[in-house]
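Structure record follows, encoded as structure tokens.
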Amino acid sequence: MSSTTADPLHLLRQYTIESKKVELLDQNDNPAPDLQSAATIRFGEEASFARDTPTSFLRSNSDSDQYTLSALLHFLDHRDQSFYEYMKMTNTLGLQTISFGDRAQVLGYLTGKTPEIAPASEVAVDKQADGDAKRAKTRAAPDVSTANDIARDIMRRERVLITSSSVLSSNKSFARVPDLTKALFPAKPGAVAKGAAPGKPTTADTPASGLARRPAHHRKRRNPIIVVPAATTSMLTMYNIKSLLQDHQFIDGRAEMEKAGPKPHEIFVEHTMSHSGQTVKFRVVDSVQDFTEADWEALVCVFTQGAAWQFKNWTWKSPEEVFQNCLGFYPKYQDERPKDTVTSWAVSLLNIERSKRHMDRATVVGLWNSLEQFMARNKPEFLG
């Protein structure tokens with residue numbers, strides 16, 4: 001399989017536009033579980049390249065720093081993350097980071113929204129010629145106007161990220177702070193407020209309105225939580241999970257992403273339990289970054305793409321431990337072989353037909369039956 005004439009950047013752009021998946025191979029040409037452990041990236045039968053092959057996409061303001069194939073592929077998989085989250089994960093994996101200023105340009109080119117770019121060699125030659133011309137002009141006419149032109153050009157290129165006004169005008173909401181405080185620091189049973197006589201109600205026990213506190217068993221029950229992968233290359237994401245679980249229909253996540261706009265922070269899926277007829281509302285997320293202890297307790301189901309890094313910074317220390325506490329599903333096409341990594345994880349294979357959409361309903365009914373049985377055994381508090 002030759003890669004001497006193929007352009008990895010052009011192929012990655014073509015595969016992204018056509019929603020085709022690349023293959024990750026280890027040093028022995030066996031399927032690699034993730035990009036970190038891959039040695040080769042293969043584009044079907046067209047070409048294959050070393051994982052960190054430099055592409056012709058140059059970093060801004062550089063004549064020689066080229067983005068690698070692995071950096072561009074990793075960025076595509078995590079383009080919906082905040083820059084801080086993306087940078088932290090990239091540094092942990094030891095991969096090259098796409099700079100903040102280049103993100104929009106890289107994404108626009110790879111998804112086909114912006115036109116072709118010139119190869120790095122041509123860009124370097126153009127920049128060198130332009131630089132030589134400017135230096136010659138400076139030597140020929142070294143005056144104040146040239147320095148002013150340079151200063152104006154530098155100022156025009158500057159990008160203001162934070163100002164004193166933007167720091168003071170935050171768009172963050174602190175409405176959830178009281179709830180988070182209660183969840184993290186629950187009141188101890190029988191505790192007496194400082195300065196209050198034992199056995200006498202305090203203001204915390206007796207609201208100012210004179211109304212009795214609502215009994216604990218009448219308080220609103222939390223929604224059970226389902227987690228899907230954050231990578232946009234996954235079969236199931238925040239863009240298509242509701243269609244599958246609630247409407248019993250699988251749709252392509254990337255196609256849905258193009259028309260759906262910004263990714264939702266969370267979505268809710270309703271399901272009627274077969275044994276009781278009770279309708280339960282499930283909360284679906286693709287990040288556990290802000291999970292409280294109560295959220296971990298409410299986690300009932302996890303969809304995985306077979307990558308161990310999906311569980312980094314989870315309360316459980318390994319994928320094996322995750323699936324000892326949650327029901328796990330590994331979605332794949334019916335004719336695909338599962339990744340070797342999931343064979344040691346206690347997950348169920350969710351086989352989806354490539355084109356027979358009438359088979360989706362049976363697949364989803366089986367999924368819900370498994371989840372209902374898991375919750376009845378391990379999370380009955382969400383069914384009562």
Side-chain angles (χ1 to χ4, degrees), residues 16 19-24 31-38 73-82 85-86 88-90 92-93 95 224-246 250-258 260 262-269 282-291 295-296 299-316 318-323 325-333 336-352 363-364 367 371:
T16 304
S19 298
K20 296 166 64 176
K21 291 185 178 180
V22 300
E23 299 175 74
L24 303 178
D34 50 48
L35 188 60
Q36 186 180 15
S37 56
L73 185 58
H74 181 257
F75 169 67
L76 279 174
D77 286 345
H78 301 87
R79 54 184 153 182
D80 290 327
Q81 286 184 323
S82 69
E85 292 175 337
Y86 159 74
K88 184 168 65 172
M89 176 180 290
T90 303
T92 300
L93 298 177
L95 297 174
I225 297 175
I226 297 173
V227 173
V228 298
T232 56
T233 54
S234 301
M235 283 191 68
L236 296 178
T237 65
M238 293 293 285
Y239 292 100
N240 63 352
I241 187 66
K242 186 169 185 176
S243 175
L244 183 74
L245 296 183
Q246 189 164 295
F250 173 75
I251 58 177
D252 182 75
R254 288 200 174 188
E256 191 68 14
M257 177 179 61
E258 295 297 330
K263 182 182 68 174
H265 173 68
E266 62 181 9
I267 59 177
F268 292 89
V269 173
F282 291 78
R283 177 187 169 206
V284 184
V285 299
D286 66 356
S287 172
V288 299
Q289 181 179 358
D290 298 323
F291 265 29
D295 289 327
W296 289 114
L299 182 55
V300 296
C301 180
V302 176
F303 290 88
T304 179
Q305 62 178 358
W309 57 258
Q310 179 183 354
F311 308 106
K312 185 177 177 60
N313 297 325
W314 281 44
T315 190
W316 300 294
S318 67
E320 289 81 3
E321 190 177 354
V322 169
F323 297 115
N325 292 273
C326 309
L327 183 63
F329 287 104
Y330 174 76
K332 70 178 188 67
Y333 285 118
E336 278 185 341
R337 175 188 171 189
K339 292 182 178 179
D340 294 336
T341 49
V342 301
T343 57
S344 62
W345 302 352
V347 298
S348 300
L349 300 181
L350 187 66
N351 291 309
I352 298 174
T363 301
V364 178
L367 182 158
L371 184 52

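Just so we're clear, the structure is a prediction, and the values are computed from it rather than from any experiment.
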Quick one: closest heavy-atom pair of [X] and [Y], and the distance?
X      : Y      : value
Leu327 : Leu371 : CD2-CA, 3.5 Å
Gln305 : Gln310 : N-OE1, 3.6 Å
Pro264 : Met238 : O-CE, 3.5 Å
Asn240 : Asp252 : ND2-C, 4.2 Å
His74  : Leu93  : NE2-CD1, 3.6 Å
Val285 : Glu266 : CG1-CB, 3.8 Å

Side chains of [X] and [Y]: does their closest heavy-atom pair fall under 4.5 Å?
X      : Y      : value
Pro229 : Phe303 : yes
Asn325 : Leu299 : no
Ile241 : Gln246 : no
Val288 : Trp296 : yes
Leu350 : Lys332 : no
Val269 : Ile226 : no

Distance, nearest 0.5 Å, that separates [atom1] of [X] from [atom2] of [Y]:
X      : Y      : atom1 : atom2 : result
Asp290 : Asp295 : CG    : CG    : 9.0 Å
Lys88  : Lys312 : NZ    : NZ    : 8.5 Å
Met89  : Asn313 : CE    : CG    : 8.5 Å
Tyr86  : Arg79  : OH    : CZ    : 12.5 Å
Tyr239 : Ile251 : OH    : CD1   : 12.0 Å
Asp286 : Ile267 : CG    : CD1   : 9.0 Å

Derivation of the side-chain contact (heavy atoms from CB on, under 4.5 Å) call for Phe311 and Thr304: CA-CA 9 Å; Phe311 308 106; Thr304 179; 3.8 Å; yes
Contacts of type salt bridge (Lys or Arg N to Asp or Glu O under 4.0 Å), residue Glu320, not counting sequence neighbours: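 Expected list: none.
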Check whether [X] reaches the backbone of [Y] with its side chain - one donor and one acceptor, N or O, closer than 3.5 Å.
X      : Y      : answer
Ser234 : Thr237 : no
Gln36  : Leu95  : no
Thr341 : Ala307 : no

Centroid separation Tyr330 to Phe323 less than 6.0 Å: no
Among Thr363, Leu236, Val364, side-chain contact (heavy atoms from CB on, under 4.5 Å) partner for Phe250: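 Only one option passes, and that is Leu236.
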Salt bridge Lys339-Asp34, side-chain N to carboxylate O under 4.0 Å: no
Parallel, tilted or perpendicular: rings of Trp314 and Trp316 (30°, 60°): tilted
